Trainee: 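Following this message is one structure expressed as structure tokens.
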Amino acid sequence: MEKVERRLMEPIADLGMGKTHQAVNRFFQRFSSRLQLFFLHKGLVYVLIGFLLGRAIILSEVLPFALPFFGAVFLMKRDKALLAGLALIAGGITVSIEVSIIITMSIIGFFIIKRLSSYFLKDQLKTLPFVILTTVATVRIGYLFMTNSTLTIYDYMMAGVESGLSFILTLIFLQSIPLISARRYKQTLKIEEIICIMILLASVMTGLVGVTYQNLQAEHIFSRYMVLLFAFIGGSSIGSTVGVVTGLILSLANVGNLYHMSLLAFSGLLGGLLREGQKLGTAIGLLIGTVLISLYGQGSADLMTTLLESMIAILLFLITPKAITGRLAKHIPGTNEYTQEQQQYVRKIRDVTAHRVDQFSQVFHALSESFATFYDKDEADDDQRETDLFLSSITESTCQHCFKKEKCWVDNFDTTYDYMERIMHETKQHTYQNNVKLKKDFHRHCSKANKVEETIEEEINYFQANQKLKKEVQESRRLVAEQLLGVSHVMEDLSKEIKREQENHFVQEEQIRDALQNFGIEIVNVDIYSLEQGNVDIEMSIPFCNGHGECEKIIAPMLSDILEESIIVKNEECANYPNGYCHVSFGSAKKFRIKTGVAHAAKGGGLVSGDSYSMIDLGVGKFAVAISDGMGNGVRAHFESNETIKLLQKILQSGIEEKVAIKTINSILSLRTTDEIFSTLDLAIVDLQDGNSKFLKIGSTPSFVKRGDKIIKIQASNLPMGIIDEFDVDVVGERLKAGDLLIMMSDGIFEGPRHVENYDLWMKRKIGEIKTVDPQEVADLIMEEVIRTRSGKIEDDMTVVVSAIEHNTPKWASIPVTKYESKKIG
């Protein structure tokens with residue numbers, strides 16, 4: 001009973017917690033959106049920054065922050081410029097009336113000089129820093145001249161420093177204000193942009209100078225909080241950079257805080273190094289930096305005050321929501337959140353691409369079905385309808401004005417229709433003139449028998465031509481349907497490949513690294529992309545090997561033993577200098593490999609042969625061998641056969657099924673020319689994993705497989721391509737084994753021997769007499785035997801391709817590793 005209650009209560013509890021969690025998330029999102037609306041769109045953020053920058057003073061008398069901020073806001077957010085200007089003046093009043101007067105004069109001078117410059121320079125963005133520089137220098141000198149009758153070199157120098165800093169800060173604010181004011185951050189923040197933001201934030205914190213409570217200074221607390229935040233998010237490099245920038249600007253505002261730059265930089269470095277301990281580790285880094293730098297800089301006098309400031313900063317850091325740190329981390333390169341955001345973006349692009357490919361695949365599939373439905377009809381009904389239409393046409397031209405029309409087609413409809421149908425079929429078969437009985441009966445039945453017979457004789461030729469044309473159109477639609485279906489399948493496979501994500505193989509990578517290091521091989525990096533049987537893909541980085549072949553001789557055999565399948569080196573890039581690293585790719589070795597030999601000759605010993613051949617690596621563990629023989633000899637025959645081979649290679653490598661590829665080539669060849677130029681095709685496709693082979697012979701001669709003393713003949717009966725449109729392909733299957741010799745030849749070889757009645761027996765006997773297993777030697781010997789029977793004359797184009805099927809044994813045998821002998825990774 002308790003178990004039943006527990007089962008019933010658990011879903012209720014989960015449901016309640018889920019609803020509570022969703023409610024909290026909705027409240028936080030609503031609060032965040034409203035806060036964002038209030039700060040950004042209502043302009044409160046510009047009021048807050050402007051108020052603090054109005055208080056910011058460095059070197060005791062320089063005001064370089066106020067006017068650059070106002071100018072940047074005026075240029076980019078003109079509707080918020082009034083709020084920013086009033087906030088700057090209000091901030092200056094909290095310091096002194098003199099500061100507020102200078103800020104007000106600077107704003108007025110900015111409008112005057114900007115107005116004057118607009119008559120000469122139109123690009124406001126490029127001219128803004130120079131307008132700010134001129135305004136600050138003019139206002140500073142003018143104010144000093146009004147307050148002091150005489151100006152010293154120091155006054156001019158300070159005016160130059162203030163105007164120069166204002167020029168630089170204008171450029172920085174132009175970069176940083178859009179980053180904090182945009183509703184959505186950019187996906188990536190560069191290091192320079194992060195520094196610009198930090199300069200802006202440090203400038204704002206300069207306005208907190210003088211805000212104290214029981215010796216606790218606000219700028220110290222918030223500057224350490226910022227260092228903690230960025231060290232935790234971006235690591236030691238970002239943390240120390242932020243510490244240096246913030247400390248430098250704060251030390252300019254208060255020279256007594258010069259040691260603070262060292263404290264922030266060192267704390268940012270330690271906090272970043274200890275961020276693996278989460279927030280607590282980063283906080284400990286700040287405490288250590290605070291203690292060390294405080295003891296070194298000020299001794300133990302103010303140690304408790306400094307520690308208390310750091311503790312308050314740590315408290316603010318600890319209560320900062322994870323959502324804020326996570327959101328900031330998405331925009332800083334090198335963080336896990338940024339990597340996940342980029343991966344999510346890439347995954348989204350991949351899914352969109354795969355979806356589009358799927359859509360195209362479905363479109364091609366639908367088109368294929370629409371073409372296929374045309375010929376999926378009842379042939380009997382279709383023939384009957386064609387017969388009815390034909391007889392209706394005959395009746396309209398012969399019986400329409402006959403006085404016996406009513407008697408024939410109303411009273412005796414079945415008899416008349418039967419006579420007409422029989423005459424049509426007899427005429428079609430050219431047997432009507434010999435069928436005396438039918439002719440006599442029809443003349444007795446019809447008063448216009450001769451006219452009907454003549455009309456049927458004339459119209460039957462048009463009817464047969466129309467039927468043939470319809471059949472050709474129907475066959476063309478069927479071929480188009482198959483081609484569209486093939487393209488649909490290729491795009492569907494492409495979509496599956498796009499959707500396939502790289503799997504994580506961290507455990508297997510560690511196992512491989514441990515196994516190799518225990519053997520004494522140093523491995524820098526291991527990346528496993530696939531451990532699928534027969535499709536292993538592993539990349540490694542190893543120290544400089546000096547060309548000794550360690551990867552091929554040691555690592556590949558060990559991986560073969562660990563993964564329990566043959567592994568070979570697919571690609572190796574050796575380092576160019578001793579301290580570099582070699583990058584190596586390992587992959588599965590195919591069970592079989594093919595070694596080929598070719599012998600060919602043109603008719604009469606010419607240079608151009610009408611035969612073409614090709615060995616094609618299809619890239620999916622399959623290997624194809626093809627021979628095409630163009631009709632006749634010479635350049636035209638060579639062009640036809642070569643075009644056939646090139647089309648076949650491109651279509652097969654695209655992934656389209658073999659039968660569809662052959663039919664597509666036949667369609668292209670039959671439509672491309674009206675000349676009677678045809679091509680044969682002898683195609684063998686061998687699966688290098690299991691040896692299963694497909695043979696497609698289109699008008700070609702037989703092929704032979706030599707297996708020891710046994711000779712296997714492979715033959716199929718298909719017409720050459722381009723002769724007929726209605727085309728079907730017979731596929732012959734055969735499983736090849738290691739040690740087999742596959743011998744393919746054109747008709748010039750097979751039918752070449754003179755005074756031979758049975759070419760099959762002669763070729764089998766000659767192949768059986770050959771003792772060598774080298775494919776090139778076998779091809780040369782067969783060619784030589786055929787030419788010898790012709791007394792040295794070459795009376796047709798000759799081509800013979802011999803393929804030897806061999807076990808693909810790696811060059812270096814596998815080295816057993818005792819520790820991993822019975823443990824397969826995967």
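In this text, all values refer to a predicted model and were calculated from it rather than measured experimentally. For this chain, numbers begin at 1 and follow the sequence in order.
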Trainee: Quick one: does Ile49's side chain get under 4.5 Å of Val73's, heavy atoms only?
Mentor: no
Trainee: Determine yes or no for a side-chain-to-main-chain donor-acceptor pair under 3.5 angstrom, with Lys114 supplying the side chain and Gly71 the backbone.
Mentor: no
Trainee: Is a side-chain donor or acceptor of Glu309 paired with a backbone partner of Gln217 at a separation under 3.5 angstrom?
Mentor: yes
Trainee: Is there a side-chain contact (heavy atoms from CB on, under 4.5 Å) between Met76 and Leu174? Walk through the geometry before answering.
Mentor: CA-CA 8 Å; Met76 296 183 173; Leu174 286 175; 3.5 Å; yes
Trainee: Less than 4.5 Å apart, any side-chain heavy atom of Pro64 and any of Val136?
Mentor: no
Trainee: Of all residues at least two apart in sequence or in a different chain, which pass the salt bridge (Lys or Arg N to Asp or Glu O under 4.0 Å) check with Asp537?
Mentor: Lys570
Trainee: Tell me whether Phe167 at atom CZ has more than 12 heavy atoms from other residues, nucleotides or ligands lying less than 6.0 Å away.
Mentor: yes
Trainee: May I have the step-by-step check of side-chain contact (heavy atoms from CB on, under 4.5 Å) for Arg224 and Leu264, ending in yes or no?
Mentor: CA-CA 7 Å; Arg224 294 172 196 179; Leu264 293 176; 3.6 Å; yes
Trainee: Looking at every non-hydrogen atom in both residues, tell me the closest pair between Met158 and Val62 and how far apart they are.
Mentor: CE-CG2, 3.4 Å
Trainee: What pairs with Thr246 under side chain to side chain donor-acceptor pair (under 3.5 Å), at least two apart in sequence or on another chain?
Mentor: none
Trainee: Could you go through Val139 and Leu67, starting from their C-alpha distance and side-chain angles, then the distance that decides it, and tell me whether this counts as side-chain contact (heavy atoms from CB on, under 4.5 Å)?
Mentor: CA-CA 11 Å; Val139 170; Leu67 191 59; over 6 Å; no
Trainee: Measure across Gly207 and Arg55 and return the closest heavy-atom pair with its distance rounded to 0.1 Å.
Mentor: O-NE, 2.6 Å
Trainee: Return a table of donor-acceptor pairs under 3.5 angstrom between the side chains of residues 102-111 and protein atoms on other chains or two or more places apart.
Mentor:
from   : atom 1 : to     : atom 2 : distance (Å)
Thr104 : OG1    : Ser100 : O      : 2.8
Ser106 : OG     : Ile102 : O      : 2.8

Trainee: Which heavy atom of Leu316 sits nearest a heavy atom of Phe222, and at what distance?
Mentor: CD1-CE2, 4.4 Å
Trainee: So which atom in Gly289 and which in Ser267 form the shortest heavy-atom distance, rounded to 0.1 Å?
Mentor: CA-OG, 3.7 Å
Trainee: Rounded to the nearest 0.5 Å, what's the gap from CD1 on Ile249 to CG on Leu200? Could you check?
Mentor: 9.0 Å
Trainee: Distance check, rounded to the nearest 0.5 Å: Leu165 atom CG versus Ser203 atom OG?
Mentor: 10.0 Å
Trainee: At what distance, to the nearest 0.5 angstrom, does CG of Leu52 lie from OG1 of Thr94?
Mentor: 9.0 Å
Trainee: Could you measure the distance from the CG atom of Leu83 to the CG atom of Leu48? Nearest 0.5 Å is fine.
Mentor: 12.5 Å
Trainee: How close do Leu286 and Ser310 get, counting heavy atoms only, and between which atoms?
Mentor: CD2-O, 4.1 Å
Trainee: Could you pull out the closest heavy-atom pair between Ser240 and Ser237, with the gap in Å?
Mentor: OG-O, 3.1 Å
Trainee: As a quick check of understanding, evaluate side-chain contact (heavy atoms from CB on, under 4.5 Å) for Leu216 and Leu308, giving each step before the final call.
Mentor: CA-CA 8 Å; Leu216 299 178; Leu308 191 56; 3.8 Å; yes
Trainee: Nearest 0.5 angstrom please: Leu133 CG to Leu128 CG, how far?
Mentor: 11.0 Å
Trainee: Working to the nearest 0.5 angstrom, can you tell me the gap between Phe230 CZ and Tyr225 OH?
Mentor: 10.0 Å
Trainee: Using a 4.5 Å cut-off on heavy atoms from C-beta on, say whether the side chain of Val204 contacts that of Leu53.
Mentor: yes
Trainee: Taking atom CD1 of Ile153 as the centre, report whether more than 12 heavy atoms of other residues, nucleotides or ligands fall under 6.0 Å from it.
Mentor: no
Trainee: For atom CE of Met311, decide whether the heavy atoms of other residues, nucleotides or ligands shown that lie under 6.0 angstrom number more than 12.
Mentor: no
